[in-house]
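When a ligand or atom number is given, it counts from 1 through the structure's own listing order. Sequential numbering from 1 along the given sequence is applied to the chain's residues. As the structure is a prediction and not an experimental result, all values here were calculated from the model.
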Amino acid sequence: MKTPRGVCAISLDNIMTIIDRNREFAGKTVLVTGAGKGIGHATVHLLIERGARVIALSRSAADLDALKAETGCETIAVDLADANAARDAARSIQPVDMLVNNAGIAVLEPFLETTVEAFDLTMNVNLRAAMIVAQECAKSMIARGAGGSIVNVSSLSANVGFALHAAYCASKGGLDAMTRVMANELGPHGIRVNAVLPTVTMTPMGERAWSDPVKSAPMLARIPMNRFVEPVEVARTIAYLLGEDSSMVSGVSLLVDGGFQSC
Ligand code: NAP
């Protein structure tokens, strides 16, 4: 069945399919960037548990070796700050059915002292690399006419101006904006694109930025659920946006913030 604009349409039969959580991603290949630690690491574990073939991309080879031993995933070590290396790596691992653009860094500096170097590095990893990797994946998906699903791991920082986070907030705001453009341009090819926006998540990055109770207490007080997020909770939301449960969800920025932005 074809739509007037595109190559893929989902039949009512597919919509009515009851999804087997244990094998939800069987037969699917998923690329996860920033897979060595934190949210990416939890996402690889969850997707493998649900039947996916996962290619884990990250910077530190030691993290990838450990992840491979734990899960049996495939791995590729690359520094996504290098645009050419990012493109070559993304091209080399096609075809993939799904992409999780998760790699990110946070360099905390007051706005008045934000350096050009930190700003550029943050943009290059959090935003430019996400574009490059998604371009390679989407071109391959389009060439195969297979459709696909992309999740960009953004942040509550896309919506809230946290002190010391100028470059980081700018990069995540840009990632949300790019997500909407991608959803618009790639939708006709059967490719859905969404963003997930966690609040503070208990990963190495989250602990670096929020371990000081003086800083974390006011943040916690603004979260109605009264706790920070666990990496697996973000991973489950990513899995929802990747999979068939969200078959008509595209272009959204889905908060995982325990209600922070509702009040
Ligand atoms: P994390 O614990 O620091 O892990 C990030 C992973 O990304 C690491 O494996 C890291 O590898 C990899 N990575 C970083 N720069 C890279 C590069 N240039 N090339 C390749 N891989 C690179 O961070 P996280 O908390 O899991 O964050 C994951 C995503 O969630 C990020 O996009 C972050 O902005 C977002 N997020 C996090 C939070 C939070 O509170 N933790 C909240 C909202 C959104 P190395 O360790 O080898 O550098």
Next item on the list: For ligand 1, would you mind listing the residues that have at least one heavy atom less than 4.0 Å away, ordered by chain and number?
Entry: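 Protein residues near ligand 1 are G34, G36, K37, G38, I39, S58, R59, S60, V78, D79, L80, A81, N102, A103, G104, I105, V125, V153, S154, S155, Y168, K172, P198, T199, V200, T201, T203, P204, M205, G206, R208.
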Item checked: V107: hydrophobic cluster co-members (side-chain, 4.5 Å) ->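 Direct or chained contacts put V107 with I105, L121, V125.
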Check: Which hydrophobic side chains are connected to L112, either touching it within the sub-4.5 Å cutoff or through other members that do?
Finding: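 ILVMFWY cluster around L112 also holds F111.
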Notebook entry, point to check: Would you call M123 and R128 a side-chain contact if the rule is heavy atoms closer than 4.5 Å?
Noted result: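 M123 does not reach R128 side chain to side chain.
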Review item, side-chain donor-acceptor pairs of residues 250-263, under 3.5 Å, at least two apart:
from	atom 1	to	atom 2	distance (Å)
S250	OG	V193	N	3.1
S253	OG	D176	OD2	3.1
D257	OD1	G259	N	3.0
D257	OD2	F260	N	3.3
D257	OD2	Q261	N	2.8
Q261	OE1	N159	ND2	2.7
S262	OG	G259	O	2.6

Item checked: Verdict with supporting geometry, M219 and V200, side-chain contact (heavy atoms from CB on, under 4.5 Å) -> CA-CA 9 Å; M219 182 67 186; V200 177; 4.0 Å; yes
Next item on the list: Could you give me the CA-CA distance, side-chain angles and deciding distance for E70 and H45, then say whether side-chain contact (heavy atoms from CB on, under 4.5 Å) is met?
Entry: CA-CA 8 Å; E70 288 161 22; H45 273 268; 2.7 Å; yes
